[in-house]
A.B. asks: 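The structure under discussion is supplied below as structure tokens; questions concerning it will follow.
Here is how names work: the chains are called A, B, and so on, in the same order as the sequence lines, proteins then strands, and each is numbered from 1.
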Amino acid sequence: MEIIQAVRGTRDILPQEVRLWQQVEASAREILGRANYQEIRTPILELTELFARSIGSATDVVGKEMYSFSTRGEQEVSLRPENTAGVVRAYIQHGLQMAGDVQRLWYCGPMFRYERPQAGRQRQFHQLGVELLGSRDPRADAEVIALAWDLLQAVGAENLSLRLNSLGDPQDRRAYRQALVDYLTPLREKLDPDSQERLTRNPLRILDSKDPRTREIAEGAPKLPDYLSPESRAFFEQVQDHLQRLDIPYQLDPYLVRGLDYYTHTAFEIVSPDLGSQSTVCGGGRYDGLVEELGGPSTPAVGWAIGMERLVLLLQKKQGEIPPALVEVYVISRGAKAEAQSLRIAQALRQAGFCTELDLSGSAFGKQFKRASRSGATWAVTLGDAEAVAGEVQLKHLPTGQQQTLLQADLVKYLASHSRQGYGVPR
RNA sequence: GCGGGCGUAGCCAAGCGGUUAAGGCAGAGGAUUGUGGAUCCUCCAUUCGUGGGUUCGAGUCCCAUCGUCCGCCCCA
């Protein structure tokens, strides 16, 4: 019989790894919660047009990486390749701009892009992101960046650097794009094939090329910062001032161009040299035009997304595995009557807040004790025929080997007063 | 989408054309049929991702396919 395996580019996150994910999610909840960001959950499925209009139909993400299909009602839908579009759609649809001038939102969930899988790049991957809607204050940019930075520090990611750039407003960008095309067109033949292709599709990307000859040409190209309007430049400087006041180190990178069409002004990435070719852990920026573009009121906004798989990869490299939660009580039973009582006892312990494992094997006491030891439990509760008849249990403190007989009715109370963990605190 | 590396048990692996596929970890059973992490013994791949081909003979060579990894593209 042929084994069915997970779809290419998707993978299972097994319990051991899930613990790391939960740790990251818990930190995010805490750090973002303290800044009064509210979690939002939007559908994984959206109308294809939403992404075409927001991300840009000329981008690779929309052009060739989307999981798109028609539903029976003949709607064209896609699995979301990122979540800013969905959050903005929800913002507009529910009139969240009415609920306060600023909305601070965060999310975490699966995204889908049909790409060639690689380490740190799956077809189904997960992003944790924030969106701050309704402010054009440069403190908003800095706040959002600071939160990403704090979160990454809090979970223990190391060796990160923040790269920062400004794309200016749409006019600035258009002017720069033209200047760049004017500069590059005569040199077209000297560019690598990919970059020649990009010259018409996405010229700004050429600056980021890894081809050495193209890089050399890019060196002499007009620089984007020179094309920023005085207002754009002043705004960017304020963002930087705030980052400096927060002691967040950054490097200006005039070649940093975010791929999605909606970005304006601030663009940033947090990268790690430990991730190989997929080095971006977090990417984001300002997108002042997007809400309006999607039919909402003109609303400035900033946000970012962290690639969960990449972050987890980084943390795994550094700290290895997280030990599982410890079993506190291990319930051993043998014989029909004892086995019949064992589950009730285990449930009572659980209801009292003890992490309790019930041995289901029915094998010899010796074997069950062996498993009890291996489970890391502090206590073994043993129930054989004799105890079952008498309404008792043997309670053994595994670290010391001391054992005593207790009435079943007294077990929970006894453990509650002799165990440091968890009485009356259901977990 | 393009170029390249790799696929032997749940995990880490040896094997590099010649009868029976090392070893370790994990797991199961026993020594110990009511008491534990130590020790000892036994078991645990009719088969080397899958399908073809070459050969007297293939885990070993070739082709295809699937998966994975690295680079490009793109991006978190």
A.B. asks: Report which part of the nucleic acid A:E197 touches: base, sugar-phosphate, or nothing (heavy-atom distance under 4.0 Å, all strands).
C.D. replies: nothing
A.B. asks: A:D60 and salt bridge (charged side-chain N to carboxylate O under 4.0 Å, His left out): which partner among A:R201, A:R198, A:R116, A:R113?
C.D. replies: A:R201
A.B. asks: Between B:U46 and B:G59, how many Å separate the two P atoms, rounded to a whole number?
C.D. replies: 14 Å
A.B. asks: Heavy atoms within less than 4.0 Å of RNA chain B: which residues of residues 274-283 of chain A have one? Give them sorted by number.
C.D. replies: A:G276, A:S277, A:Q278, A:T280, A:V281, A:C282, A:G283
A.B. asks: Pick the C1' atom in B:G67 and in B:G49, then give their distance to the nearest Å.
C.D. replies: 7 Å
A.B. asks: On a plain distance test, is the side chain of A:Q368 in donor-acceptor contact with the base of B:U35 below 3.5 Å?
C.D. replies: no
A.B. asks: Is there a donor and acceptor pair, one atom on the side chain of A:K396 and one on the base of B:G36, closer than 3.5 Å?
C.D. replies: yes
A.B. asks: Provide a list of protein-nucleic acid N or O atom pairs under 3.5 angstrom, restricted to nucleotides 28-33 of chain B.
C.D. replies:
none

A.B. asks: To the nearest angstrom, how far is A:Y114 atom OH from B:C75 atom P?
C.D. replies: 19 Å
A.B. asks: Which ring-ring contact (aromatic ring centres under 6.0 Å, His included) pairs, counting each pair once, include a residue from residues 114-154 of chain A, with sequence neighbours left out?
C.D. replies: A:W21-A:H126, A:Y67-A:Y114
A.B. asks: Which residues pass the side-chain contact (heavy atoms from CB on, under 4.5 Å) test with A:D172, sequence neighbours left out?
C.D. replies: A:D169, A:L228, A:S229, A:S232
A.B. asks: So which nucleotide does B:C72 pair with, by the Watson-Crick or G-U wobble rule with both distances under 3.5 Å?
C.D. replies: B:G1
A.B. asks: Pairing check on B:G10: which nucleotide meets the Watson-Crick or G-U wobble criteria with it, both distances under 3.5 Å?
C.D. replies: B:C25
A.B. asks: I'd like to check the side chain to side chain donor-acceptor pair (under 3.5 Å) partners of A:Q278; sequence neighbours left out, ordered by chain and number.
C.D. replies: A:Q118
A.B. asks: Return the set of residues passing ring pair (Phe, Tyr, Trp, His ring centres under 6.0 Å) with A:H397 (not counting sequence neighbours), or none when no residue passes.
C.D. replies: A:W379
A.B. asks: Mind checking who B:C56 pairs with, Watson-Crick or G-U wobble, both distances under 3.5 Å?
C.D. replies: B:G18
A.B. asks: Report the C-alpha distance between A:Q408 and A:R344 in whole Å, list the side-chain angles of each, state the deciding distance to 0.1 Å, and finish with yes or no for side chain to side chain donor-acceptor pair (under 3.5 Å).
C.D. replies: CA-CA 10 Å; A:Q408 289 179 15; A:R344 203 196 68 234; 3.0 Å; yes
A.B. asks: With the threshold set at 4.0 Å, does a side-chain nitrogen-carboxylate oxygen contact exist between A:R29 and A:E25?
C.D. replies: no
A.B. asks: Assess the side chains of A:Y414 and A:Q404: does a donor N or O sit below 3.5 Å from an acceptor N or O?
C.D. replies: yes
A.B. asks: Does A:S373 get its side chain close enough to the base of B:G36, under 3.5 Å, for a donor-acceptor pair?
C.D. replies: yes
A.B. asks: Counting only distance, no hydrogens or angles, is the base of B:C75 paired donor-acceptor with the side chain of A:R310 under 3.5 Å?
C.D. replies: yes
A.B. asks: Measuring only the C1' atom in each nucleotide, how far is B:G52 from B:A13? A whole number of Å is fine.
C.D. replies: 29 Å
A.B. asks: Classify the nucleic acid contact of A:E65 as base, sugar-phosphate or nothing, counting any heavy atom under 4.0 Å across all strands shown.
C.D. replies: sugar-phosphate
A.B. asks: List the residues meeting ring pair (Phe, Tyr, Trp, His ring centres under 6.0 Å) with A:Y227, not counting sequence neighbours, and say none if there are none.
C.D. replies: A:Y176
A.B. asks: Using a heavy-atom cut-off of under 4.0 Å over every strand shown, decide if A:A119 touches base, sugar-phosphate, or nothing.
C.D. replies: sugar-phosphate
A.B. asks: Pull out every protein N or O sitting under 3.5 Å from an N or O of nucleotides 10-12 of chain B, one pair per line with the distance.
C.D. replies:
none

A.B. asks: Which residues pass the side chain to side chain donor-acceptor pair (under 3.5 Å) test with A:D261, sequence neighbours left out?
C.D. replies: none
A.B. asks: Measuring from the side chain of A:R201 (C-beta onward, heavy atoms only), which nucleotide among B:G71, B:G34, B:C74 has the closest atom?
C.D. replies: B:C74
A.B. asks: Residues in side chain to side chain donor-acceptor pair (under 3.5 Å) with A:R188, at least two apart?
C.D. replies: none
A.B. asks: From C-beta outward on A:R113, which listed nucleotide comes closest to its side chain: B:C75, B:G67, B:C72?
C.D. replies: B:C75
A.B. asks: By nearest heavy atom, map A:T10 and A:E309 onto RNA chain B; which one lands nearer the 5' end?
C.D. replies: A:T10
A.B. asks: How would you label the contact of A:D385 with the nucleic acid (heavy atoms, under 4.0 Å): base, sugar-phosphate, or nothing?
C.D. replies: base
A.B. asks: Does the side chain of A:D194 come under 3.5 Å of the side chain of A:Q196 through a donor N or O and an acceptor N or O?
C.D. replies: no
A.B. asks: Could you work out the separation of B:G7 and B:C61 based on their P atoms and round it to a whole Å?
C.D. replies: 9 Å
A.B. asks: Could you tell me the Watson-Crick or G-U partner of B:C48, where both distances fall under 3.5 Å? Say none if there is no partner.
C.D. replies: none
A.B. asks: May I ask you to check whether A:H265 and A:F235 place their ring centres under 6.0 Å from each other?
C.D. replies: yes
A.B. asks: Under the criterion side-chain contact (heavy atoms from CB on, under 4.5 Å), which of A:V24, A:L313, A:I13 is the partner of A:M308?
C.D. replies: A:V24
A.B. asks: Just the rounded figure in Å: distance from P of B:G71 to CG of A:D211.
C.D. replies: 17 Å
A.B. asks: Distance check needed: B:C66 P versus A:R123 CZ, whole Å only.
C.D. replies: 11 Å
A.B. asks: Say you pick atom C1' in B:G4 and the same atom in B:U8; how far apart are they, in whole Å?
C.D. replies: 23 Å
A.B. asks: Checking only heavy atoms, does the side chain of A:R198 share a donor-acceptor pair with the base of B:C74 at less than 3.5 Å?
C.D. replies: no
A.B. asks: Base, sugar-phosphate alone, or nothing: which one does A:L128 contact when heavy atoms must sit under 4.0 Å apart?
C.D. replies: nothing
A.B. asks: Show the distances under 3.5 angstrom between N or O atoms of the protein and N or O atoms of nucleotides 47-49 of chain B.
C.D. replies:
none

A.B. asks: Considering only the P atoms, how many Å lie between B:C41 and B:G24, rounded to the nearest integer?
C.D. replies: 11 Å
A.B. asks: Give a yes or no on whether a donor-acceptor pair under 3.5 Å exists between the nucleobase atoms of B:C73, that is its base, and the side chain of A:R116.
C.D. replies: no
A.B. asks: Describe the nucleic acid contact of A:G401 in one word from base, sugar-phosphate, nothing, applying a heavy-atom distance below 4.0 Å.
C.D. replies: base
A.B. asks: Considering only atom P, compute the distance from B:U50 to B:C43 and round it to an integer number of Å.
C.D. replies: 26 Å
A.B. asks: Say whether A:S333 and A:D359, considering side chains only, have a donor N or O and an acceptor N or O under 3.5 Å apart.
C.D. replies: no
A.B. asks: With rounding to the closest Å, how many angstrom separate the P atoms on B:G51 and B:U60?
C.D. replies: 13 Å
A.B. asks: Going by purine N1 to pyrimidine N3 plus the second Watson-Crick contact, or the G-U wobble pair, all under 3.5 Å, which nucleotide sits opposite B:C40?
C.D. replies: B:G30
A.B. asks: If you find the nucleotide of RNA chain B closest to A:G366 and the one closest to A:Q127, which residue's nucleotide is nearer the 5' end?
C.D. replies: A:G366
A.B. asks: For A:T84 and A:E131, test the side chains for any donor-to-acceptor distance below 3.5 angstrom and give the result as yes or no.
C.D. replies: yes
A.B. asks: With sequence neighbours left out, write down each residue that passes ring pair (Phe, Tyr, Trp, His ring centres under 6.0 Å) with A:Y287, or none if nothing qualifies.
C.D. replies: A:Y262
